[in-house]
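Below is one structure, written out as structure tokens; the observations come after it.
Naming: A, B, ... by sequence-line order, numbering from 1 per chain. Side chains included, hydrogens not; waters and symmetry mates left out as well; all remaining heavy atoms used.
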Amino acid sequence: MSVGEAVEVTPEELMTINAARELRDGQVCLVGVGPPNAAANLARRLQAPGCVLVYESGAIGAQPVRLPLSIGDDDLAATALELVSVVEMFNLWIGGGRIDVGFLGAAQIDPHANLNTTAIGSYEQPKVRLPGAGGAPEIAACAKSVIVIARQSPRVFVEKLDFVTSLAHREGHTVVITDLGVLRPGSDGELELVALHPGVEVEQAREATGWDLRVADDLERTEPVTQRELDELRELRASARR
Amino acid sequence: MSVGEAVEVTPEELMTINAARELRDGQVCLVGVGPPNAAANLARRLQAPGCVLVYESGAIGAQPVRLPLSIGDDDLAATALELVSVVEMFNLWIGGGRIDVGFLGAAQIDPHANLNTTAIGSYEQPKVRLPGAGGAPEIAACAKSVIVIARQSPRVFVEKLDFVTSLAHREGHTVVITDLGVLRPGSDGELELVALHPGVEVEQAREATGWDLRVADDLERTEPVTQRELDELRELRASARR
Amino acid sequence: MDLRDAISEHVRDGMTVSLEGFTHLIPFAAGHELIRQGRRDLTLVRMTPDLIYDQLIGMGCARKLIFSYGGNPGVGSLHRFRDAVENGWPQPLEIVEHSHAGLANAYAAGAANLPFGVLRGYAGTDLVEHNEQVAFVDCPFTGEQLSAVRAVRPDVTVIHAQQADRHGNVMLWGLAGVQKEAVLAAEVAIATVEEIVDELEARPHSVVLPAWTIAAVCHVPGGAHPSYAAGYSTRDNDFYSAWDEIARDRERFSEWMREHVLSKDEVPA
Amino acid sequence: MDLRDAISEHVRDGMTVSLEGFTHLIPFAAGHELIRQGRRDLTLVRMTPDLIYDQLIGMGCARKLIFSYGGNPGVGSLHRFRDAVENGWPQPLEIVEHSHAGLANAYAAGAANLPFGVLRGYAGTDLVEHNEQVAFVDCPFTGEQLSAVRAVRPDVTVIHAQQADRHGNVMLWGLAGVQKEAVLAAEVAIATVEEIVDELEARPHSVVLPAWTIAAVCHVPGGAHPSYAAGYSTRDNDFYSAWDEIARDRERFSEWMREHVLSKDEVPA
């Protein structure tokens with residue numbers, strides 16, 4: 001995939017870098033495994049060195065040197081400002097409303113940014129049984145804002161979820177970052193395409209959406225990925241394997 | 001006051017020593033300030049060295065060298081097996097039913113071993129405003145057994161409490177130790193005099209009780225205080241002032 | 001930050017204020033500063049009012065007290081508290097009275113942004129009819145009735161801790177009481193600390209409150225006296241005993257406060 | 001105590017069993033012992049079933065699973081869990097599905113001897129209609145509706161910890177998960193430990209479970225592998241990745257279990 005002038009990035013890198021750009025210095029971020037983990041740690045290496053990482057495993061203010069593979073890696077515990085029990089994490093920190101930004105992923109997302117991470121097909125006889133809720137419902141309900149990262153395709157962006165695991169539809173609180181662009185809920189809560197990544201056309205985004213996608217009047221372009229962003233991300237990724 | 005053959009003890013010493021005798025090795029005791037504190041620490045020096053002391057301030061398995069003056073003394077924290085927050089102490093340890101023996105005191109006690117530590121006179125316009133509930137209601141409700149220590153007098157042993165702070169009336173679970181003897185609830189929950197201290201007559205106990213006191217058919221005598229018990233208690237007391 | 005500035009910036013008359021610390025780490029210096037600044041009509045919250053609220057009540061700072069044990073631990077009465085409740089001196093004091101478990105769970109509910117907490121206890125006691133912040137709920141699974149306490153959400157919580165680092169992260173250790181819950185339940189939290197260090201080092205039973213949960217950190221060594229800060233001081237049990245005599249008499253109390261608090265400047269008694 | 005004896009004495013077919021540890025300190029050796037002893041019809045409780053329950057489920061030990069996140073963290077699916085839910089292999093698996101916050105509070109309620117816990121969340125999700133252990137309660141003070149979870153009270157909880165002393169007091173440190181709540185919620189608790197020491201020494205973030213809360217302590221060094229015990233081992237991330245291939249195929253899984261678990265004797269995989 002060719003983006004902007006020169007830099008070659010994978011779809012996951014593109015999403016991760018754009019998610020990282022959403023973070024601000026001093027924000028308290030609840031980080032899960034996978035792209036969110038990479039995005040939050042990338043942001044700390046770029047524009048948000050003072051971004052506070054919280055892992056639902058109980059690590060508050062973790063400063064991992066290497067990218068952790070699981071949210072329970074020893075590196076998180078060893079570098080954290082404080083460790084708390086999982087009960088305390090969910091009750092006092094997440095439930096208490098102390099998370100500025102929560103990251104979520106989904107196997108399905110609907111026009112109101114509700115998420116399915118439970119099952120494809122019926123619940124009783126699923127075609128694909130997914131991992132389930134984890135911390136997502138409470139992160140969606142209690143974090144001040146939510147970043148959803150998901151590849152855009154008609155199988156993922158569906159009119160109706162097979163199962164509602166989490167509700168992330170609060171206006172102004174949610175941003176969905178895909179491999180094609182950026183979506184945010186409009187005033188009625190329905191997702192609207194607000195930006196496309198360089199080189200992506202509106203039609204591609206429409207085709208990759210399982211409903212009639214709303215497009216913002218002032219549709220924007222995301223900034224091309226810079227060499228620095230990509231280098232930092234790849235170094236971070238490599239660190240996980242060291 | 002002369003007890004048994006030779007040993008001279010104060011009423012408080014008599015109560016403390018008899019309370020200490022109730023404790024068994026391995027029991028988990030929730031200890032408050034004053035006589036309970038002395039009784040539990042005395043038991044550890046006598047027949048119950050493995051008695052586990054828990055203080056509502058959060059110290060579990062404290063092994064104070066000196067008798068602590070408050071339940072929050074540093075000596076308790078420094079010698080404890082574990083420290084927990086006050087919320088955890090009340091929810092998981094006391095509320096969770098993990099206390100074998102709880103100690104309580106009272107300004108008033110009724111025939112069913114209910115206790116008043118809140119106010120003498122009306123609640124709104126009290127003659128004497130007492131400290132209040134503290135941990136007593138939950139200790140009374142959740143400990144497997146309760147030892148109440150109180151001087152026996154018609155002002156303390158009353159037919160009707162001015163205020164019900166704690167309910168310690170569960171059958172078989174409560175023993176009341178006074179300066180005159182020992183009371184336990186009968187099968188209907190009403191306190192019954194089951195033992196008198198040496199040299200005390202039934203009539204004294206009746207006169208010191210604000211209701212028509214029941215006396216057990218097989219009324220017993222408590223064992224005379226031994227020199228060893230008294231020496232250990234006095235040494236313990238002296239240690240608090242060192 | 002200067003304690004004087006922290007108090008004057010964050011605490012206003014009529015607010016609900018919690019100064020927590022269970023025997024250990026009681027923020028006396030901050031309480032004295034509230035007295036010096038003449039705060040009025042405060043709703044004071046504390047499990048054990050202790051000498052610190054005896055002083056605030058006696059100096060007429062409080063309109064209302066939410067508490068669970070109003071004694072001088074190991075000594076006896078809190079005479080200023082008693083005088084306020086029994087005789088309305090220096091002004092009437094409305095009281096909201098919990099058990100320890102009740103108030104601890106009220107803080108915990110506040111910290112979890114829940115409107116109430118659930119516990120055993122209270123059933124059958126007279127506490128229920130005198131405290132509108134206690135009610136009952138039925139378990140939706142078993143039908144069992146349990147008690148509920150309304151969450152406590154102070155406008156300001158003040159704690160005393162052993163250390164803060166230069167980023168404003170605060171660490172305490174030893175008996176930790178309900179300080180974490182009281183801080184997280186509050187709109188704004190202030191911490192006085194024994195020492196400012198370059199880097200906090202976790203230790204046994206340490207509790208860290210991140211800088212983003214604390215609005216102001218003030219360097220006030222000895223700020224817990226006559227309570228104590230493990231590792232820095234010991235409890236002044238003699239003062240706790242002596243307070244009984246000082247506080248018993250209105251005149252003597254007022255004189256003591258004039259001499260040891262009003263005329264001082266951020267120096268703990 | 002020998003792990004074999006501890007398991008055979010305390011765990012019987014049909015019991016509700018919790019093996020806890022949140023990524024860190026997962027009691028794999030104890031899980032393998034359950035498999036070797038051929039326990040059947042267990043109700044398994046764990047926030048993250050992880051590889052350990054994938055193995056128990058695939059070996060036919062479980063009738064029911066109470067959980068909140070059934071993935072291989074950072075890798076993908078738990079194939080034995082999926083095969084049981086999607087295809088009923090090797091036998092149907094009843095599932096009771098929570099969010100993390102829900103199950104954590106269910107343990108906490110169990111540990112506090114309360115019949116239910118209260119939290120935000122669940123409202124509007126489909127989890128509610130598929131889980132009878134979730135309901136709603138109204139706040140008696142504000143009228144706000146909150147969710148309630150039925151307490152979890154395992155017959156047996158097993159944890160892995162770093163140390164025990166000769167009295168049977170157990171200490172773990174690092175990420176502590178829900179182990180304390182899971183132990184205190186259970187009728188009986190078993191701990192496997194890396195090391196038996198003369199005296200426990202409290203350290204940063206250490207959690208001690210007194211001997212009187214633990215029925216059996218078993219010395220099983222490496223008993224958390226491929227999970228880890230901070231200070232003793234590191235997480236075997238390669239094994240977690242490799243498990244994806246092993247567990248994807250029924251035959252290959254069964255063969256691996258025969259070779260690495262059934263034929264071994266208390267040696268972790």
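For D:Tyr107, no part lies near chain A; criterion is any non-hydrogen pair under 4.5 Å. Proximity to chain D is absent for every atom of A:Asn37, based on heavy atoms less than 4.5 angstrom apart. Looking at A:Glu82, both its backbone and its side chain come within 4.5 Å of chain D, counting heavy atoms on both sides.
Nearest heavy-atom pair, D:Ser99 versus A:Ala133, reported as atom, atom and distance to 0.1 Å: CA-CB, 4.0 Å. Across D:Glu97 and A:Gly132, no two heavy atoms sit closer than the pair OE2-CA, 3.6 Å. In plain terms, the two heavy atoms of D:Ala104 and A:Val87 that are nearest each other are O-CG2, 3.6 Å. Pairing each heavy atom of A:Ser57 with each of D:Leu175, the nearest pair is O-CD2, 3.5 Å.
In this structure, the separation between OG1 on D:Thr234 and CG on A:Asp74 is 8.0 Å, given to the nearest 0.5 Å. Atom NE2 of residue D:His100 and atom CD1 of residue A:Ile139 lie 8.0 Å apart, to the nearest 0.5 angstrom.
For the pair A:Leu167/D:Thr125, a side-chain contact is recorded, criterion being any heavy-atom separation below 4.5 Å from C-beta on. Between D:Leu127 and A:Phe163 there is a side-chain heavy-atom pair separated by less than 4.5 Å. Side chains of A:Cys142 and D:Arg120 form a contact here, defined as non-hydrogen atoms less than 4.5 Å apart.
Inspection of non-hydrogen atoms places A:Thr118, A:Tyr123, A:Glu124, A:Gln125, A:Pro126 of residues 115-126 of chain A under 4.5 Å from chain D.
Side chain of D:Glu86 to main chain of A:Arg129: a donor-acceptor pair is present (N/O by atom type, distance under 3.5 Å, no hydrogens or angles).
Between chain A and the residues D:Phe81, D:Tyr240, D:Tyr122, the most heavy-atom pairs under 4.5 angstrom are made by D:Phe81. With chain A as partner, the option from D:Gly74, D:Ser77, D:Gly177 having the largest number of non-hydrogen pairs under 4.5 angstrom is D:Gly177. The choice from A:Val128, A:Leu130, A:Ile94 that makes the most heavy-atom pairs within less than 4.5 Å of chain D is A:Val128. Chosen from D:Ser68, D:Gly231, D:Ala101, the residue pairing most often with chain A at heavy-atom distances under 4.5 Å is D:Ala101. Of the listed residues D:Val178, D:Asp126, D:Thr23, D:Thr48, the one with more heavy-atom pairs under 4.5 angstrom with chain A than any other is D:Asp126. Ranked by heavy-atom pairs under 4.5 Å with chain A, the list D:Asn105, D:Leu119, D:Leu103, D:Asn72 is led by D:Asn105. When the candidates D:Ala176, D:Gly174, D:Ser227, D:Gly124 are compared by the number of heavy-atom contacts under 4.5 Å with chain A, D:Gly124 comes out ahead.
For D:Gln91, the CD atom sits in a packed shell: over 12 heavy atoms of surrounding residues, nucleotides or ligands are nearer than 6.0 Å.
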